[in-house]
Amino acid sequence: MPDEEVLEEGVLNPVKPEIQDPLLQAILAENEAAPATAPTELEQPAPLPELTEIVDCVVIGTGAGGAPLLARLAMAGLKVVALEAGPRRDPTRDYATDEKAQNFLFWNDERLSAGQNPVAFGKNNSGTGVGGSTLHYTAYTPRAHADDLTLHRDFGQGVDWPFGIEELEPYYEELEHFLGISGPTPYPWNPGRRKGYPLAPLPLNGAAQLMQRACAQLGIQTSPAANAALSARYYQEGIGWREACTNRGFCQAGCNRGAKASMDVTFLPLAESYGAEIRADAFVTEIERDAAGRVTGVVYEQHGQTVRQLCRHLFLCAGAVETPRLLMLNELALSSGHVGKNFMAHPGMQVWGTFPEDIRPYKGIPGGLISEDTHRPKNADFAGGYLLQSIGVMPVTFATQMVRQRKLWGQALRDYMRNYNHVAGINILGDCLPHKANFLELSEEKDARGLPKPRLHFTAQENEQRMNRHAEQLMRQIWEAAGATDIWAFERYAHVIGTARMGLSGDDAVVNSDGRAFDVPNLYICDNSVFPSALSVNPALTIMALSLRTADKFLASLR
Amino acid sequence: MPQYPAGTVRALLSTDLVTPATRAALEARLVSTTGYEPQFFDPATYALLEAVAARIFPQPERDEPIALAPGIDKRLAAGLADGWRYDAMPPDREAFRLGLGGINQAAQAQFQQLFIDLSEAEQDAVLKQVAAGTALGDNWNTVPQNRFFEDLLAELTENYYAHPLVQEEIGYVGMADVPGWQRIGLNEREDREPKPVSK
């Protein structure tokens with residue numbers, strides 16, 4: 001930890017900065033006048049509770065990267081402890097069907113967004129709580145394609161993954177059946193799969209039907225999407241029967257029925273049933289090492305206490321912002337120079353329109369329909385490709401995104417929003433190439449814990465811009481064919497990828513093909529930060545597949 | 001554009017179609033904020049924020065317009081963030097202090113008056129300049145005005161459309177989801193979803 005003077009100097013946004021405000025000044029003065037006893041005691045550094053037990057593995061983070069491997073390691077009989085920065089909640093009791101009330105699902109510590117296309121965090125691209133960002137993911141679960149892993153081979157751009165799709169396929173199969181994925185069998189863009197989806201697709205909502213109708217006219221193949229919400233009751237080891245989705249449409253603000261396969265209703269109860277311990281509200285600040293550079297334990301803050309947990313192996317699964325941030329704060333595994341570099345974000349352009357039909361966009365899973373005809377478009381002037389999805393949306397999310405793009409205000413804004421029940425959207429999810437202009441760094445500005453805030457630079461480069469142009473034209477065409485009026489496009493970037501990438505050599509990658517840090521023999525990293533390329537599909541299923549694979553590679557290394 | 005009947009969401013809130021957690025969240029917003037004392041802003045700056053909010057969300061039809069300034073004041077007083085900010089912007093409290101000050105500077109430059117003393121049309125003219133990034137004022141050297149306007153607009157919009165009366169206005173009843181939704185396709189409506197009263 002920095003000493004106090006340095007900390008004070010660096011604080012640009014301290015917890016109580018606005019002393020120029022006369023009212024606040026008065027309040028602060030009043031508060032300070034009352035109790036004057038505590039400070040001297042606080043000056044004493046609290047001794048760390050002596051936790052002498054050395055556990056086999058500590059896992060930092062309980063999202064798609066941490067939860068599957070936690071279960072795998074526990075099932076192998078290892079003593080494992082997961083540290084989750086956020087709280088544990090009971091969705092049935094605590095979740096409201098209200099977007100604003102659900103803001104606790106997001107990582108709300110401030111991140112600084114720089115570059116020509118600053119990436120939004122908070123409601124998108126972040127998560128906290130036992131289950132991580134799977135608590136609010138849309139649960140799209142398409143598999144990556146074989147050629148998603150070979151962009152460099154095929155286009156001479158980006159880098160290839162250090163292994164082929166055959167390394168992921170067994171895990172995709174396992175996950176689809178364990179989580180209870182609802183989806184089409186056969187899958188139109190990969191009909192030769194060994195196993196189909198265990199459940200039938202979820203029903204199509206208004207936006208999905210509009211996209212289906214228009215794409216049929218235009219000769220674009222569509223299908224109900226694969227989604228990790230249950231279309232029928234499903235048995236879950238470690239938890240029992242999970243109930244089917246009731247089309248609440250609230251996936252992005254938390255499922256209160258356990259129908260959506262977030263980690264808190266799947267891998268985490270499984271892990272606990274095999275003896276894993278999950279400590280919530282545990283924010284890791286330090287990773288300790290011995291003289292040989294091996295990790296010996298971690299230090300975390302929990303309920304105002306500082307705790308040390310010793311471990312034989314560490315799995316860092318905190319997501320592509322907090323993972324590199326922890327590595328940088330601890331000056332760990334930095335020798336490749338690639339920690340924080342290669343930050344990629346999926347082009348996620350949306351096109352919206354107003355329709356005469358009654359749509360009521362709050363009903364049904366948001367992304368009911370998919371097309372992967374654009375995975376490698378014939379007329380493309382860019383590397384890689386994208387997929388298309390229909391989108392339903394909740395009113396607050398829709399309104400705030402819309403005003404950021406269209407800048408409507410006054411009566412025009414209120415009038416536009418009266419058509420909320422008649423709006424529907426389509427969006428893409430496209431591949432992104434790494435570029436030296438896009439990276440994460442630690443800023444000078446400190447957060448309330450006294451730690452530097454992360455700053456993320458992102459500028460869409462030529463390839464992303466060309467893909468966006470291609471996609472916007474196509475989506476406008478589809479929405480015109482569907483009968484939309486007042487069509488508008490929203491350029492956005494979703495998912496945070498690639499800040500501690502995997503590769504064959506420690507010269508240009510942070511972890512090897514097993515997920516182990518080149519610099520630190522008992523440190524594994526598993527989350528979206530290790531992706532060598534962004535993929536042209538939603539990342540959650542692949543993060544989980546990597547998580548199971550990382551656990552298996554680690555377990556094999558112990559034998 | 002569709003007009004929906006008043007009272008739909010409020011009627012649903014008293015039924016078991018809404019979960020207790022959902023009811024608690026929405027009913028809290030129905031409590032009047034008349035007489036709210038700002039905790040973060042000084043009175044003059046708070047009045048300025050109220051005046052700006054009244055032009056971004058004009059509510060001439062409401063006897064008691066939905067108050068949008070308290071939400072921002074409370075958030076800034078508590079030091080809460082929403083997970084990110086544009087790197088080009090100063091920290092939120094500083095951004096609001098400078099940005100609102102900049103609106104007054106723009107009003108002075110064009111009309112030689114404070115923003116709150118301007119007519120509605122003049123206030124709109126000032127806001128239009130800020131939105132377009134063409135307003136005058138020293139503060140805009142420190143705060144990019146188009147980003148300030150965007151952030152302010154987005155926060156006011158979040159607070160406005162989270163309000164149950166506004167959700168009635170746009171015909172949204174997604175909060176009444178205890179039984180789930182069976183009729184989800186095009187032009188399919190369940191009994192508890194309001195029909196427009198006119199187009």
Side-chain angles (χ1 to χ4, degrees), chain A residues 12-13 15 17-18 21-24 93-101 106-114 118 120-123 126 203-206 209-210 246-249 256 357-360 362-364 394-396 399-400 403-404 407 409-411 414-415 417-421 455, chain B residues 1-3 18-22 24-26 38-43 55-58 77 79-88 91 93-94 97 124 127 131 149-150 153-154 157-162 167 169-175 177 179-189 193:
Chain A
L12 295 181
N13 186 20
V15 187
E18 299 297 320
D21 182 318
L23 185 75
L24 188 65
R93 189 196 60 208
D94 301 341
Y95 284 14
T97 307
D98 180 85
E99 294 166 89
K100 205 169 161 58
F106 310 118
W107 188 279
N108 288 322
D109 291 357
E110 200 162 75
R111 294 163 175 175
L112 305 177
S113 299
F121 293 95
K123 293 175 182 58
S126 85
L204 300 182
N205 62 8
Q209 290 178 357
L210 287 166
T246 58
N247 310 318
R248 292 174 63 236
N256 66 1
E357 289 88 349
D358 209 355
I359 295 165
R360 315 257 169 176
Y362 46 88
K363 296 187 289 187
M394 292 293 157
V396 173
T400 49
V403 296
R404 282 189 187 274
K407 310 289 190 309
W409 54 280
Q411 197 57 44
R414 290 190 61 194
D415 288 350
M417 279 301 295
R418 278 186 190 272
N419 287 310
Y420 165 73
N421 278 337
R455 177 186 289 115
Chain B
M1 98 198 81
Q3 307 282 327
V18 173
T19 67
T22 308
L26 286 162
Q39 304 158 49
F40 170 74
F41 290 109
D42 65 77
R55 294 319 302 151
I56 291 189
F57 281 103
L80 298 177
D82 67 349
W84 69 290
R85 74 165 204 266
Y86 289 117
D87 189 47
R93 293 172 172 181
E94 192 74 356
R97 195 176 62 78
D124 285 356
L127 292 178
F149 186 81
E150 177 192 327
L153 175 60
T157 299
E158 175 171 345
N159 291 343
Y160 186 72
Y161 286 101
Q167 297 184 341
E169 170 182 322
I170 62 171
Y172 170 73
V173 292
M175 75 294 292
D177 65 345
W181 302 102
Q182 280 74 50
R183 297 176 52 76
I184 71 169
L186 280 179
N187 295 321
E188 288 182 358
R189 195 176 52 79
E193 300 183 275

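Sequence lines set the chain letters: A, B, ... in the order given, protein chains first and strands last, and positions in each chain run from 1. Here the structure is a predicted model, which means the values were calculated and not measured.
Proximity to chain B (any heavy atom under 4.5 Å) is restricted, for A:Arg360, to the side chain, taken from C-beta onward. Looking at A:Phe106, neither its backbone nor its side chain comes within 4.5 Å of chain B, counting heavy atoms on both sides. Heavy atoms closer than 4.5 Å to chain A are found in both the backbone and the side chain of B:Leu153. For A:Asn256, the part lying under 4.5 angstrom from a heavy atom of chain B is the side chain only. Contact annotation for A:Gln411: both backbone and side-chain heavy atoms come within less than 4.5 Å of a heavy atom of chain B. In this structure, chain A has no heavy atom under 4.5 Å from any part of B:Val18. Neither the backbone nor the side chain of B:Leu80 has a heavy atom closer than 4.5 Å to any heavy atom of chain A.
Closest heavy-atom contact between A:Phe121 and B:Gly83: CB-O, 3.7 Å. Of all non-hydrogen atoms in A:Arg248 and B:Trp181, the two that sit nearest each other are CA-CD1, 4.0 Å. In plain terms, the two heavy atoms of B:Pro2 and A:Asn419 that are nearest each other are CD-OD1, 3.2 Å.
Put simply, OH on A:Tyr420 and OH on B:Tyr161 are 12.0 Å apart, with the number rounded to the nearest 0.5 Å. A distance of 11.5 Å separates CG of B:Asp82 from CG of A:Asp109, quoted to the nearest 0.5 Å. Rounding to the nearest 0.5 Å places CE of B:Met1 at 13.0 Å from CE of A:Met417. For the atom pair CH2 (B:Trp84) and CD (A:Glu110), the distance works out to 10.0 Å, reported to the nearest 0.5 Å. A:Asn205 CG to B:Glu188 CD: the interatomic distance, rounded to the nearest 0.5 Å, is 10.5 Å. Between the CZ atom in A:Arg455 and the CG atom in B:Asp87 there is a gap of 4.0 Å [rounded to 0.5 Å].
Side-chain N or O atoms of A:Asn421 include one that pairs as donor or acceptor with a backbone N or O of B:Gly171 at under 3.5 Å. For the pair A:Lys100 (side chain) and B:Asn159 (backbone), a donor-acceptor distance under 3.5 Å is absent. Put simply, the side chain of B:Thr22 gets close to the backbone of A:Thr97: a donor and an acceptor are under 3.5 Å apart. Proximity of a side-chain donor or acceptor of B:Asn187 to a complementary backbone N or O of A:Asp358 within less than 3.5 Å is detected.
Your options are A:Met394, A:Lys407, A:Arg111, A:Arg93, and the one with the most heavy-atom pairs under 4.5 Å with chain B is A:Arg111. Among A:Gly364, A:Ala399, A:Ser126, the residue making the largest number of heavy-atom pairs under 4.5 Å with chain B is A:Ala399. With chain A as partner, the option from B:Pro179, B:Gly180, B:Pro58 having the largest number of non-hydrogen pairs under 4.5 angstrom is B:Pro58.
Note on B:Glu169 versus A:Arg414: salt bridge recorded, some NZ/NE/NH1/NH2 to OD/OE distance being below 4.0 Å.
The side-chain heavy atoms of B:Phe149 and A:Val403, taken from C-beta on, include no pair separated by under 4.5 Å. Contact annotation: the side chain of B:Leu186 approaches that of A:Ile359 to within less than 4.5 Å [non-hydrogen atoms, C-beta and beyond]. For the pair A:Thr246 and B:Asp177, the minimum side-chain heavy-atom distance is 4.5 Å or more.
A:Tyr362 and B:Glu193 share a donor-acceptor pair across their side chains, judged by distance under 3.5 Å alone.
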